[in-house]
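Quick note: numbers below take in every heavy atom, side chains included, and nothing from hydrogens, waters or symmetry partners.
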Amino acid sequence: MVLFEVNGVQKSFYEGRLHVLKDISLSVSEGEVVSIIGPSGSGKSTLLRCSTFLETMDAGEIKYMGETAAHNVNGKAVYVSPSELKKFKGYFGLVFQQFNLFPHYSVLKNLIDAPLNVQKRDREEVTAEALVLLEKMGLSDKAEAYPCQLSGGQQQRVAIARALAMKPGILFFDEPTSALDPELTGEVLKVIKQLAEENMTMVIVTHEMAFARAVSDRVIFMDGGVIVEQGDPEKVLVNPVEERTKQFLRNYQR
């Protein structure tokens, strides 16, 4: 089953002078892990931001669980109403580069706040689930700690647990390790790899090529606002067809 789909996505900034996304289409099936790679400025993060409604696309279509959140009318993207959009936002979770935890909330309160206030779920049930998630992240002893008392790797694992607490159908990661040093990067990648083994559907924008190769079902290489090449990780990362992909990987490996 296709959980997420975008078709013909276009996005420009500065009144059309900077064309960041040029007719991007892709779909992600249930249980699939898709990594998006490419040079800085290729449009990877903008695609993720458009997919999760943080940016409004100029043209294109977005679907979640087969339902349309935005479609084209006379060449322009038209979105469903704000109240309907709220439902679509419940279908996915998003993990940012910079963690975005609430600094004045404890770790546990960071996890349970949205399920209680947005989903109106039972406090006892939500708290029990949050504690299980913290155990899964290796953070059982940090429930009452505050973000400032945690390392970057621990904060990012809390951010992943917070996204999972909402029980999303699909998780988006925007360069989840770019703010971390190599040692802490390993802790976070281990958690994402574990989620992949549990068949969590994920879209990961990453610069970690070895990780993308190990964990992905499909790798997409973007450059200049288009998808240049996509396919099996071994094909794209080891034996790419397109010259631009080869050049990027050569430069990356230097």
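- In this structure the side chain of F173 reaches within 4.5 angstrom of the side chain of M202, judged on heavy atoms.
- Closest approach of A212 to T206, counting heavy atoms only: CB-CG2, 4.2 Å.
- Residues L150 and F99 form no side-chain contact, since every pair of their non-hydrogen atoms from C-beta on lies 4.5 Å or further apart.
- Distance check: Q230 CD to R218 CZ gives 5.0 Å after rounding to the nearest 0.5 Å.
- Note: Q98 CD to S178 OG = 6.5 Å, rounded to the nearest 0.5 Å.
- Summarising the local packing, CD of E198 is surrounded by more than 12 heavy atoms from other residues, nucleotides or ligands at distances under 6.0 Å.
- Judged by distance alone, the side chain of S25 and the main-chain N or O of G8 form a donor-acceptor pair under 3.5 Å.
- The closest side-chain heavy-atom distance from F221 to I37 is below 4.5 Å.
- Aromatic pair F92/F4: ring centres not closer than 6.0 Å.
- Surrounding CD of E67 are more than 12 heavy atoms belonging to other residues, nucleotides or ligands, all under 6.0 Å away.
- A distance of 6.0 Å separates CG in L3 from CD1 in I170, rounded to the nearest 0.5 Å.
- Interatomic distance, CZ of F96 versus CG of L54, reported as 5.5 Å (0.5 Å rounding).
- The residues K136 and E129 are annotated as not salt-bridged, no charged nitrogen and carboxylate oxygen being separated by less than 4.0 angstrom.
- Within a 6.0 Å radius of CD in E124, other residues, nucleotides and ligands contribute 12 heavy atoms or fewer.
- Residue I204 is not grouped with residue V236 when hydrophobic side chains (ILVMFWY) are merged at heavy-atom distances under 4.5 angstrom, including chains of intermediate members.
- S151 places a side-chain N or O within 3.5 Å of a backbone atom of Q154 that can act as its donor or acceptor partner.
- The minimum heavy-atom distance between V80 and T68, with the atom names listed, is CG1-O, 3.5 Å.
- A heavy-atom distance below 4.5 Å is found between the side chains of E234 and R213.
- Remark: I220 CD1 to L47 CG distance equals 8.0 Å, nearest 0.5 Å.
- Judged purely by atom type and a 3.5 angstrom limit, D174 has no side-chain atom pairing as donor or acceptor with the backbone of S45.
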Quiz item: Could you walk me through whether K44 and E175 pass the side chain to side chain contact (heavy atoms under 4.5 Å, CB included) check?
Solution: CA-CA 10 Å; K44 308 183 299 295; E175 296 187 20; 4.0 Å; yes

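- V226 and L26 fall into different hydrophobic clusters, where Ile, Leu, Val, Met, Phe, Trp and Tyr side chains are chained together by heavy-atom contacts under 4.5 Å.
- Using a 4.5 Å heavy-atom cutoff, the side chains of L171 and L164 are in contact.
- When every heavy atom of V205 is checked against every heavy atom of P176, the shortest pair comes out as O-CD, 3.6 Å.
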Exercise. Kindly indicate, with the supporting measurements, whether the criterion side chain to side chain contact (heavy atoms under 4.5 Å, CB included) is fulfilled by K190 and Q194.
Key: CA-CA 6 Å; K190 185 178 170 189; Q194 184 186 345; 5.9 Å; no

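- Residues V34 and V238 do not share a hydrophobic cluster, defined by chaining ILVMFWY side chains whose heavy atoms lie under 4.5 Å apart.
- In this structure, R162 contributes its side chain and N110 its backbone to no donor-acceptor pair below 3.5 Å.
- Between E229 and K235 there is a salt bridge, since at least one side-chain N of the basic residue sits less than 4.0 Å from a carboxylate O of the acidic one.
- Among all heavy-atom pairs drawn from A143 and L131, the shortest one is CB-CD2, 4.2 Å.
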Self-check item: side chain to side chain contact (heavy atoms under 4.5 Å, CB included) between L195 and I160, worked out
Solution: CA-CA 10 Å; L195 292 173; I160 294 169; 3.9 Å; yes

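- Looking only at side-chain heavy atoms (C-beta outward), L139 and V107 stay at 4.5 Å or farther from each other.
- Contact of the M222 side chain with the L21 side chain is registered, since non-hydrogen atoms from C-beta on lie closer than 4.5 Å.
- V95 is not connected to V203 by any chain of hydrophobic side-chain contacts under 4.5 Å among Ile, Leu, Val, Met, Phe, Trp and Tyr, and they are in different clusters.
- Under the salt bridge (Lys or Arg N to Asp or Glu O under 4.0 Å) criterion, E125 pairs with R121, sequence neighbours left out.
- Annotation: side chain of R123 is in contact with side chain of I112 (closest heavy-atom distance under 4.5 Å).
- If you chain together hydrophobic residues whose side chains sit under 4.5 Å apart, M166 and F53 never meet in one group.
- The cationic group of K87 does not satisfy the cation-pi geometry with Y91, failing either the under 6.0 Å distance to the six-membered ring centre or the 45° limit from the ring axis.
- Here the shortest heavy-atom pairing between L180 and Q156 reads CD1-CB, 4.4 Å.
- Residue K246 qualifies as enclosed at atom NZ: its count of foreign heavy atoms under 6.0 Å is above 12.
- With values rounded to the nearest 0.5 angstrom, S42 atom OG is found 6.0 Å from D223 atom CG.
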Exercise. Could you give me the CA-CA distance, side-chain angles and deciding distance for M57 and V6, then say whether side chain to side chain contact (heavy atoms under 4.5 Å, CB included) is met?
Key: CA-CA 11 Å; M57 55 187 184; V6 292; over 6 Å; no

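- The heavy-atom pair separating P39 from F248 by the smallest distance is N-CE1, 3.5 Å.
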